[in-house]
Amino acid sequence: MPAVSKGDGMRGLAVFISDIRNCKSKEAEIKRINKELANIRSKFKGDKALDGYSKKKYVCKLLFIFLLGHDIDFGHMEAVNLLSSNKYTEKQIGYLFISVLVNSNSELIRLINNAIKNDLSSRNPTFMCLALHCIANVGSREMAEAFASEIPRILVAGDTMDSVKQSAALCLLRLYKTSPDLVLMGEWTSRVVHLLNDQHMGVVTAAISLITCLSQKNPDEFKTCVSLAVSRLSRIVSSASTDLQDYTYYFVPAPWLSCKLLRLLQCYPPPEDGAVKGRLVECLETILNKAQEPPKSKKVQHSNAKNAILFEAISLIIHYDSEPNLLVRACNQLGQFLQHRETNLRYLALESMCTLASSEFSHEAVKTHIETVINALKTERDVSVRQRAADLLYAMCDRSNAKQIVAEMLSYLETADYSIREEMVLKVAILAEKYAVDYSWYVDTILNLIRIAGDYVSEEVWYRVIQIVINRDDVQGYAAKTVFEALQAPACHENMVKVGGYILGEFGNLIAGDPRSSPLVQFNLLHSKFHLCSVPTRALLLSAYIKFINLFPETKATIQEVLRCDSQIRNSDVELQQRAVEYLKLSSIASTDVLATVLEEMPPFPERESSILAKLKKKKGPGAVSVTELDDNKREGGELNGGADRGPDTAQTLEHDISLSALYWTPASTQCAYLQFIKDETRGLIFSQLSVSG
């Protein structure tokens, strides 16, 4: 950069800034600014032509006023005129004003483009850099159309200065991000890639940012960069801190360039060339070895630079997922960070280990750190670190440790932060379903989940436990007994009432032989919760009551009395009123056979993907749940749904299935229409029965 002469100090600007700082109130500041704006406007409109120094000074004042938050509606043309100056300071201020204040749709863009073209063709490296910086800062489509074909030529030209190449690479990156359709590399591709071999490290650092972005969009066109990137990385990793003195940061050679090279390699699969792959593996092993060496400096900058390279190397190892030895070493290295005093390192270690847990080569190595992760979940002060610990427990879970992990997550759930409770509930529900061998354990887990965090248990969770209980004959009796005991608690969450109403309405007969859970005791227990529940839950309980009449005829009189009371048949809610009236009428006029047909047990649910997993995937965002996990869950879910025990015919229902149990699952918006359908079908059945009897 050219030296700034003493006369370029702009004393008038310094005095104006001092006056603004000395203002005692906002009103005084506005008064002083308005006075200065009036003075600048009169100078610009005066007949006498201003010299470059005066224009520069006044444009600087306008720029300062704009930065204070005031609107500037003049002076743009004067700034454009500064671009034609041959003095560096005047041209610099002109470009600065344009970069900050000129809109991309301004009428002056054409004049600005002409000035930029002149500077780019001047071959003056200082002026060329100023022009390239302006293009990158404005980044408008018009500028992309004007210079997208010119900048690559400047970038790869043999006589271009290194500083200009750096600016050109970053300018082209900016234009590619804003208008990718206008930046067509074409013939320049191979020459841009070969900038990775440039002698100037600054050029390589700027070029690799451009190449990484281009590779993400067009990997095939830039695949030749892999071997060059490995070669450059090898030279950096194997060099001593004294070899790259100008680019060594606290005894770490070229840390930013190393990170960018490792990130570029993550855009591609492992190299097919054996020599290149071997060289890359050596680089990664060297990085892991250096991480074990004693630090060369106690300053935090040294450890930050060293760890930045290490984490990028581990990300590349995870991305390749093809070197078991490197994966296990990476896992062990991350395990050391789990108890590091630095919170950020613990967070990054947990996050990286979540990805490692999905690899078949490193899953067992990750599991060895389970106690440390559980301890982090319990003791970490930072909620984000605790959340990553929960994610890692979820990722490392399998059949061998499922009960331990689910128990720890349930224990943590009682004191977990409100922001992560819903996600924790989904994860516990998924793990309990996916790795359940003993279905009584699954039922206990979900009921405990509802007891501990009932407000965060979504409909998908309790729907799922109902589906599984219905599809598994061997767990229905245990589920009825367990939910009956859970409902006896003085404080019972509404979701527990929903599960209890459904399961007892379907399978209450399986525990009715015990005097402590006789039909009347079951009914009284459910009805004691009725007045505390919302309208949808009351509607579900009414459906459970009518099911009781079919299962336990001795409760008919008691239940009819409840349905007949004014609070039901004259309820202000049309849904509850219609259910009470129709259920009462159905229980009064229908014969035992008709009731058995209408109120028959729910058929098994067909095999389907877990809706809980789908919800977790939606909550975490795209890519949060792997395809493999979805497939595994579908396979495990098929077993839970009873796919292995029931033939396909048992899942089929009658053509005119009018089971009132379907009302448990019918959305509120369609329940009335469905009730009307049931009423019509039931009337038809009753009339046909009466005609046969007659």
Side-chain angles (χ1 to χ4, degrees), residues 1-116 119 126-127 129-143 167 170-171 174 177-178:
M1 183 181 293
V4 179
S5 64
K6 191 173 180 180
D8 288 332
M10 291 187 289
R11 183 173 176 277
L13 175 64
V15 170
F16 174 61
I17 293 174
S18 177
D19 290 347
I20 293 295
R21 288 177 176 172
N22 293 331
C23 289
K24 302 297 183 182
S25 64
K26 187 69 176 175
E27 291 75 14
E29 177 185 309
I30 293 174
K31 183 177 180 181
R32 179 67 181 90
I33 287 173
N34 288 336
K35 178 181 177 182
E36 190 64 37
L37 287 174
N39 177 54
I40 296 172
R41 197 186 297 269
S42 64
K43 294 292 184 181
F44 284 168
K45 287 185 176 180
D47 295 333
K48 185 179 178 182
L50 293 174
D51 59 6
Y53 171 80
S54 299
K55 284 184 183 178
K56 177 183 70 172
K57 179 178 67 175
Y58 293 134
V59 166
C60 271
K61 288 183 178 181
L62 291 177
L63 188 57
F64 179 72
I65 292 170
F66 175 78
L67 294 178
L68 289 176
H70 300 271
D71 292 333
I72 300 298
D73 55 2
F74 69 98
H76 299 74
M77 195 62 204
E78 284 70 17
V80 173
N81 291 337
L82 285 175
L83 301 184
S84 58
S85 172
N86 288 323
K87 288 188 177 181
Y88 169 78
T89 54
E90 294 175 10
K91 191 182 287 288
Q92 180 195 35
I93 295 301
Y95 275 124
L96 181 61
F97 185 93
I98 289 165
S99 299
V100 175
L101 272 89
V102 173
N103 189 288
S104 59
N105 299 321
S106 171
E107 297 176 355
L108 299 174
I109 285 291
R110 289 189 178 181
L111 291 175
I112 296 169
N113 285 352
N114 287 335
I116 290 174
D119 284 335
T126 304
F127 292 173
C129 285
L130 286 176
L132 290 167
H133 295 168
C134 180
I135 297 171
N137 286 328
V138 176
S140 66
R141 190 168 181 84
E142 277 194 35
M143 284 191 173
S167 299
L170 296 177
C171 179
R174 162 69 168 164
K177 287 182 175 180
T178 56

Novice: Cys60: which residues meet the side chain to side chain contact (heavy atoms under 4.5 Å, CB included) condition with it, sequence neighbours left out?
Specialist: Met10, Leu13, Ile93
Novice: Looking at residues at least two apart in the chain, or sitting in another chain, which of them share a side-chain hydrogen bond (donor to acceptor under 3.5 Å, both in side chains) with Ser85?
Specialist: Glu90
Novice: Does Thr178 reach the side chain of Arg141, with side-chain heavy atoms less than 4.5 Å apart?
Specialist: no
Novice: So, using side chain to side chain contact (heavy atoms under 4.5 Å, CB included) as the criterion, who are the partners of Ser54 when residues are at least two apart?
Specialist: Leu50, Asp51, Tyr58
Novice: Taking side-chain hydrogen bond (donor to acceptor under 3.5 Å, both in side chains) as the definition, give me every residue that meets it alongside Asp119, ordered by chain and number, with sequence neighbours left out.
Specialist: Lys91, Tyr95
Novice: Which value, rounded to the nearest 0.5 Å, describes the distance between Gln92 atom CD and Leu83 atom CG?
Specialist: 12.0 Å
Novice: Ser167 vs His133, test: side-chain hydrogen bond (donor to acceptor under 3.5 Å, both in side chains). Steps then yes/no.
Specialist: CA-CA 7 Å; Ser167 299; His133 295 168; 3.1 Å; yes
Novice: Hey, can you pull the donor-acceptor pairs under 3.5 Å for the side chains in residues 65-80, sequence neighbours left out?
Specialist:
none

Novice: Decide yes or no for Leu82 and Lys87: does some side-chain heavy atom of the first lie under 4.5 Å from some side-chain heavy atom of the second?
Specialist: no
Novice: Which salt bridge (Lys or Arg N to Asp or Glu O under 4.0 Å) pairs, counting each pair once, include a residue from residues 93-105, with sequence neighbours left out?
Specialist: none
Novice: For Lys26, what residues pass the salt bridge (charged side-chain N to carboxylate O under 4.0 Å, His left out) criterion, not counting sequence neighbours?
Specialist: Glu29
Novice: With side chain to side chain contact (heavy atoms under 4.5 Å, CB included) as the criterion, how do Leu37 and Leu62 come out once you've worked through the C-alpha distance, each side chain's angles and the decisive distance to 0.1 Å?
Specialist: CA-CA 8 Å; Leu37 287 174; Leu62 291 177; 3.7 Å; yes
Novice: Calculate, to the nearest 0.5 Å, the distance between atoms CG and CG belonging to Leu111 and Asn81 respectively.
Specialist: 8.5 Å
Novice: Rounded to the nearest 0.5 Å, what's the gap from SG on Cys134 to CD1 on Ile98? Could you check?
Specialist: 5.5 Å
Novice: Using the salt bridge (Lys or Arg N to Asp or Glu O under 4.0 Å) rule, collect all pairs that involve residues 92-112, keeping only residues at least two apart or in two chains.
Specialist: none
Novice: With side chains defined as the heavy atoms from C-beta onward, is the minimum distance between Asn39 and Phe44 less than 4.5 Å?
Specialist: no
Novice: Of all residues at least two apart in sequence or in a different chain, which pass the side chain to side chain contact (heavy atoms under 4.5 Å, CB included) check with Lys177?
Specialist: Leu173, Cys213
Novice: Once you round to the nearest 0.5 Å, how far does CD of Glu27 lie from NZ of Lys31?
Specialist: 11.0 Å
Novice: Kindly compute the distance separating CG (Leu96) from CG (Leu63), expressed to the nearest 0.5 Å.
Specialist: 5.0 Å
Novice: The criterion is side chain to side chain contact (heavy atoms under 4.5 Å, CB included); which residues satisfy it with Ser18, sequence neighbours excluded?
Specialist: Asn22
Novice: Could you pull out the closest heavy-atom pair between Val138 and Ser99, with the gap in Å?
Specialist: CG2-CA, 4.2 Å
Novice: Any side-chain heavy-atom pair from Val15 and Asp19 closer than 4.5 angstrom?
Specialist: yes
Novice: As an exercise, state the distance from NZ of Lys57 to CZ of Phe16, rounded to the nearest 0.5 Å.
Specialist: 12.0 Å
Novice: With sequence neighbours excluded, what pairs up with Glu36 under the salt bridge (charged side-chain N to carboxylate O under 4.0 Å, His left out) test?
Specialist: Arg32, Lys61
Novice: Hey, mind stepping through Met143 and Ser140 against side chain to side chain contact (heavy atoms under 4.5 Å, CB included) and telling me if it holds?
Specialist: CA-CA 5 Å; Met143 284 191 173; Ser140 66; 3.4 Å; yes
